[in-house]
Structure formats: C-alpha cells, structure tokens
Amino acid sequence: MSVNEDRVQTLMAMFKRRGVVRPAFELYGGVAGLFDYGPVGGRILRRTQEIWLHHWLRLGNIVEINSPTVTPHLVLEASGHVGAFNDHAVQCLSCEAVERADQLLEGHVNNPDALDAAQLDAALSEHAIECPSCSTTDWAGSAPMNLMFPTSIGPVGTGRSAFLRPETAQGMFTNYPSIYRHFKQRLPFGAVQVGKGYRNEISPRQGMIRQREFNMAELEYFIDPEAEVNLAEVARNDVPLNLVPDPKGAHAESLSSEMIPALEAGIVRHPVVGHFMLETYRLMIQLGIDPNRMRFRQHEQDEMAHYASDCWDLEIHGCYGWIECVGIAHRGCYDLEAHALASGSMELRAWREHPEPIHVDKTAWVPVQAKIGPAFRGDAKMVIQSLEAIDDAPKSTPFPLTLTNGSVVTIEEDMVESRRVRYTINGEWFTPHVIEPAFGIDRIIWHMMDHSFNQIEKEGESYDIMRLPEDVAPYDAVVLPLFNKDGMSEKAESLFRDICSIPGLVPTIDAFGKSIGRRYARADEIGIPWAITVDHQTMEDGTVTVRSRDDQRQIRITIDNLLEQLRFRTLADHFN
RNA sequence: GCGAGUGUAGUGUAGUGGUUAUCACCCGACGUUGCCAACGUCGGAACCCGGGUUCAAAUCCCGGCACUCGCACCA
C-alpha cells in the first residue's frame, strides 16, 4: 500500500486553509477520528448526498427514510452487532501487548467468540496460551472493547441500554413493514437512508478515511429470491468494469468485463448485485471519480459475513492507495429473519402469489381436540400438526401416525372425524432477500477531491484547479467586479442577488480589492465552475464575461441569458 | 492500545535557555490597475495544553492531547 504523503499533506493543508475539512474541536486540542466540514466542504457534502439520493430515487421504486442514531441494545443484539462488535481484549502483563482474547484461543476452544470475560480468562490459563510477542503466559483480565458507542436512554441510571448506530441499515430493516405497505406489498423495492454512523475505532488513522463518526448512505433493496430477473433490463447500458474476483474462487484472474458476461460466467453471482455495481459505477463517474482508478473487488469466502452469498467492494485508488468506499453485499434473508426472530413479529416477510391457485379438495381426518389433548398432553400439538399434514388419510381407524420427532402414536377412532376439506391456497409467505449497497460518503468525497485536484503549470508557477463536476461544486458561480469603481461593485452585487434568488443556485461573490487574476485563482482552487465578471462593458450594454474554470476560456453573454443558462445548467454547452 | 518521531500565525516554515520570535504565501484597508496568483503604503495573525527545573522556558524534564510512521485493530 503506497501512500502518497506529499499529496495527502498538500490536500489536507488546502482543505484546512479553504474551509473544506479539518480536525474537529481543534480549539480544545482535537479529538482523533472526528472531523468538521467547513463552509466549502459543507456545501460539497450536502450536494454529494443529494446526488447520491436522487441517483437511487430515480430508479422509481426506492424511498428515503430517516431513523434515529440512538438505537436500543436489543435491536443491535438482534442484528448481530453486539456480538460482533464486543470483542474482548487482553493485555500481556510482561510486554504490555494488547491482543484479542478470542483470536488467541482460536484452535484451542470451540467458538471462543461466544465466551464472556471470565470464561476467556479461564480458557487462557487452562490452555497456557503464550503471548505472541514475548511468549510469557502472564495475562491481565480480559475486558470488552466495544466498537460501538454505548449510551443509555433516559437521564437517570436505570435507563434502557443503547448504542449509537454503527450503520444506518437497521433503520431500513426495522421499518420494513411500513415500507412494504407503502409499496402496496409488491417486491422488489428499496429504501435508503443518508446519515451518520459511529464506530469507536481503537486507533483512527488515515485522516478522513477512518473516522469515529462518519457520513454514510445505505440502500437496502428487497427482492423475492425466486423472482425471475431480466438480465437485459438489469444491465441496461452495460459498460466494462474492472473486476477483481475472489482469488480462491473459480475465476481468480482480474479482468475488465461488462456485467452481462460477468453474470453469465458466474463471476458476479446475482444479477441484482450486478445491477447495483453498474449503478454505483455510474454514480461515481457523475461525482467525478476517475473511472480508471476504480475497481470492484470480490470478498473471499472467509472475509464475508457468514450469511452473505456475494459481496463486492468498490475500491478507489487515491493518495492512500486502494480504499474500500462502497460495499455491495447480497445478505440473503439474514437481517429480516434475525429481527423477526428477536422481535417475534410476523410482519418482516412478503407474500408470493402462486401462478395458479392450488385447490385442495380432500377427505381428511380432522382432529377432535377434546380427545387428543388429554390423551397426548404435551405432544398433543405435534399430533394435531401431523394429522393435518398427511395427504392420504388412512381409510379406517385406528391407524399409526408418525410424528415430526420420529415417534409413532396410535390414533383411535374417537380422536378424529372424517371430513371433506376444501380450500384454495393462493400463495405463500417468505422472507425477502436483501441486496445492500453501503457507501462511505466521506471516503468518496476525499477521492472526489483527490481525483479532481490538479496542479498545473501556469506561467512557470504551480496553479491549483479543483475540477469538480458542476453538480458537486461548493458554489455554482462566483461573481467578480473587475474593478471596485465606476459602479461595477454595485452591479456585481445586484447580479449576485439575482442569482441567489434562483431556486437551487448558490453563488458567491468576491468583490474585495484583489486583482482579477487572484480572485480567479481563489475560485479555481475550491472548484467553482463559472466566474462571472462585471466589467466596463457590462455598464454599457448589460453583458458579462463567463470564464470556464477548466480551460479558462471566456464568453460574453447578456445577464438575462446568463441567468437562464445558470438556471438550466447549460453553460457548459457554450464551451464545447 | 504499544513503540518511535513530530507539534511555532489561516497555510507552509526558521529559530533551540535571555530575540520586539524568522521568512514566504495568506487575510484586510486604502491607493493604483482595461481580465488570469501585478504593484505600493498601512494593518492583522503563532510558540498544542498542564505541571516541573531555572534569576529566566517556545527551547530542558514529566504528564496529557493531537498528528505521522511501524505493530496491533479495521463486523
């Protein structure tokens, strides 16, 4: 992993100087892993989130929800986070190295992950586990190291235990019944959430890449695992992607492939996963990520969560090397089933109509519960279920009945009545499967800026341009009076107000007494795409010059035309 | 969390027991300037925090916090 430290420093210095991103609470010495977006970065973050959101909403069957970050212990226990995030650490008293207790015990006891602190300590001494650093067996007591931020609901001590959420996804799962109704009980559909996630990292490093509180955006897409998927539909406008398949799988070689062939070859294992890989790729291009510095890396079987059947990370190459920025996982029915089990709810499922209704018309032995109950007591329920399950009812009583636990009981004449049973089965309940694309927004923004930031030579000097796409630029335009005289300042101010009043546009103005070249440079550095200059001619004929950030060419148009072009974002057409 | 290194204006830096704390960019005001980091004058802005040693600490020592690197961690 090669880190381009010089470029990291250059970018971070600029971010701090221009109000993009900086360490949070520096006033009080700073806190590792927490960052502020400043006046410029705040705009970029918001616009990135909006583009992200609209990218998915435009698919037509996706909705946005918003749920609390404070999440009850029970919810995160059901989701598996409490177990997964509550590893125990143990310190060597001799050399002070800190190790994970369950990792030390791997191979010595079964499933060490499940042990509590006391059991771990007992196991460590029982198996005389040596410290990997100094080979002594002198361990301090193990202590939970919780990667979630604990809190408590209610201001007094006995409140319900809770955590700040480590991901936004649980909100989509716990809201599934509402979303299912919203979509008129018809799969497939999805829900997204843009918000904060929290992980109490042991040692956050790499600047914005690993934070303790971070911006994330997740999509949970619910599908019927048995539904046919139309490949051509899913892979519309197919383009080649850089794929790095599981090296231990059947297709070990990296390749560039379009999605349909990759699906046909079994490299990508599910068409809906492929669909979201393509859509993710398009979104990244729209945000200004360099297509040549993106790749999809497939998780190895043992890297994936046990319930997942396929998982691809979108990795982006930047000055920290290849960084995982998006994870697209096929999570099967794991999440909804886990919550159904823990909550006892019957609502976390979907109804599938059979193509043809199944008409049942049979003669069956209907249990007489008043007799079966006393006769079989604890097994009565099982007996009744087994009776209802038999398709070919014996013609006469008594008859033997095999229960689900394998034992055989005798059904006497008075325990059943022969009856003709007629009903229709129109469909069945099932737990939908979930495809989850999860985005680390801060990581994406870092790479947008990294890929957009150009240092060019201009008249022998280094010159910085942030070539962000118009849609994520911190300002839509900057208004500049050429000079601070002859009414140009006033004219610029009124033009600035006019642009401000157009819904959706956020311009800025740089009117103070610096040279025009310096003010162009300031705007270029933070990526403002258009510089509108009010000059002498403006005062005569109402035209202004529009300068393009990326090639520094200028056109002259009327103010009315300018406002129109800004409103419809068509200025770029004039520079092609 | 361990080990090593580092912490000086907004940014990048110089200095290393006694300085009015260096330099550049920067930011602002005024003047000048007919379009790409011009110029002049004036102004603004810093020794990470806390303790100790000392007549004197930004400088030496200790502790904290933060950053960088290595180890560990990263569902």
Side-chain angles (χ1 to χ4, degrees), chain A residues 3 5 8-19 22-34 38 76 79-87 89-92 95-100 103 113 132-134 140 143 145-148 166-167 169 197 199-207 209-212 299 303-308 311 323-324 327 329 438 440 458-465 480-486 488 512-525 531-539 544-549 551-554 556:
Chain A
V3 176
E5 284 171 43
V8 169
Q9 302 248 322
T10 304
L11 279 170
M12 212 52 215
M14 191 278 274
F15 286 2
K16 286 159 95 171
R17 187 161 32 83
R18 298 306 308 272
R22 65 183 311 132
F25 308 116
E26 263 195 323
L27 200 55
Y28 292 94
V31 181
L34 300 181
L76 292 162
S79 68
H81 286 93
V82 171
F85 276 68
N86 266 330
D87 296 322
V90 67
Q91 191 169 24
C92 172
C95 73
E96 298 192 319
V98 175
E99 303 288 338
R100 263 177 58 181
Q103 287 186 339
D113 222 11
S133 312
C134 68
M145 54 175 202
N146 196 334
L147 266 356
M148 294 194 290
E167 59 173 31
R199 292 177 197 185
N200 206 350
E201 299 281 355
I202 297 167
S203 87
R205 292 275 171 93
Q206 298 176 294
I209 302 298
R210 263 176 77 200
Q211 301 184 45
R212 288 190 163 124
H299 280 210
E303 179 181 3
M304 256 183 311
H306 63 276
Y307 46 80
C311 185
I323 296 291
E324 167 200 345
K458 192 168 170 183
E459 287 155 29
E461 289 193 33
S462 167
Y463 190 90
D464 298 343
I465 303 179
L480 308 167
L482 183 59
F483 296 108
N484 209 346
K485 63 178 186 186
D486 302 335
M488 287 180 228
F512 303 110
K514 294 293 178 190
S515 75
I516 191 70
R518 172 174 301 276
R519 286 176 286 151
Y520 286 147
R522 284 171 170 171
D524 288 342
E525 189 180 37
I532 317 298
T533 306
V534 171
D535 56 18
H536 293 89
Q537 195 178 331
T538 309
M539 308 313 290
V544 291
T545 67
V546 179
R547 171 187 177 275
S548 152
R549 172 197 68 200
D551 55 21
Q552 302 170 22
R553 280 189 291 153
Q554 291 190 351
R556 176 170 284 279

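Protein chains get the first letters and strands the later ones, always in sequence-line order, with residue 1 at the start of each.
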In Watson-Crick or G-U wobble terms, with both distances under 3.5 Å, the base opposite B/A46 is none
- Say you pick atom C1' in B/U33 and the same atom in B/C39; how far apart are they, in whole Å? 9 Å
Mate of B/A38 across any strand shown (Watson-Crick or G-U wobble, both atom pairs under 3.5 Å) is none
Re B/G3: Watson-Crick or G-U wobble partner, both distances kept under 3.5 Å, found to be B/C69
Among the nucleotides B/G70, B/U11, B/C67, whichever has the atom closest to the side chain of A/Arg205 is B/G70
Atom CD of A/Gln206 and atom P of B/U68 are separated, to the nearest Å, by 9 Å
Out of B/G12, B/G28, B/C74, minimum distance to the side chain of A/Lys514 belongs to B/G28
**Message:** Taking the P atom in each of B/U32 and B/U68, what is the distance between them to the nearest angstrom?
**Reply:** 48 Å
Do A/Leu76 and A/Pro166 have side chains that get closer than 4.5 Å, going by heavy atoms?
-> yes
Which value, in whole Å, describes the distance between the C1' atoms of nucleotides B/G17 and B/U59?
6 Å
Could you tell me how far B/C48 sits from B/U22 if I compare only their P atoms? Round to whole Å.
16 Å
Looking at A/Arg519 and A/Pro481, would you say the former's side chain and the latter's main chain have a donor-acceptor pair under 3.5 Å? yes
note: A/Met14, atom CE; B/G10, atom P; distance rounded to Å ~ 18 Å
Separation between CE (A/Met148) and CG (A/Asn200), nearest 0.5 Å, reads 10.5 Å
Assert: residue with more 5' nearest nucleotide on RNA chain B, out of A/His536 and A/Lys16, is A/Lys16
query: Looking for any heavy atom pair under 4.0 Å, which part of the strands does A/Arg22 touch: base, sugar-phosphate only, or nothing?
result: sugar-phosphate
Interatomic distance at C1', B/A38 relative to B/A46, whole Å: 29 Å
Atom CE of A/Met12 and atom P of B/G12 are separated, to the nearest Å, by 10 Å
Q | Integer angstrom distance from the P of B/U16 to that of B/G51 | A | 27 Å
Rounded to the nearest 0.5 Å, the CG atom of A/Asn484 sits from the NZ atom of A/Lys514 at a distance of 12.5 Å
Value for CG (A/Asp535) from CG (A/Leu480), rounded to nearest 0.5 Å, stands at 11.0 Å
Scanning all shown strands, the Watson-Crick or wobble mate of B/U20 with both distances under 3.5 Å is none
Any strand, both distances under 3.5 Å, Watson-Crick or G-U wobble: B/U32 pairs with none
Compute both the distance and the angle, then confirm whether A/Arg22 meets the cation-pi test with A/Phe15: under 6.0 Å from the six-membered ring centre, within 45 degrees of the axis.
no
One should read off an interatomic distance between A/Tyr520 OH and A/Gln554 CD, to the nearest 0.5 angstrom, of 4.5 Å
When both distances are under 3.5 Å in a Watson-Crick or G-U wobble arrangement, the nucleotide paired with B/A57 is none
Check this for me, if you would: do A/Asp524 and A/Arg547 make a salt bridge, where the nitrogen-to-carboxylate-oxygen distance has to be below 4.0 angstrom?
yes
Whole-Å distance, A/Arg210 CZ to B/A66 P, equals 15 Å
Atom CD of A/Glu26 and atom C1' of B/C48 are separated, to the nearest Å, by 10 Å
Spacing of the C1' atoms in B/U41 and B/U8 (rounded, Å)
28 Å
For B/A14, the nucleotide meeting Watson-Crick or G-U wobble distances (both under 3.5 Å) is none
Between B/G18 and B/A4, how far apart are the two C1' atoms, rounded to whole Å? 33 Å
Going 5' to 3' through nucleotides 35-44 of chain B and flagging B where a protein heavy-atom sits under 4.0 Å of the base, S where only the sugar-phosphate is that close, and - otherwise, we get BBBB------
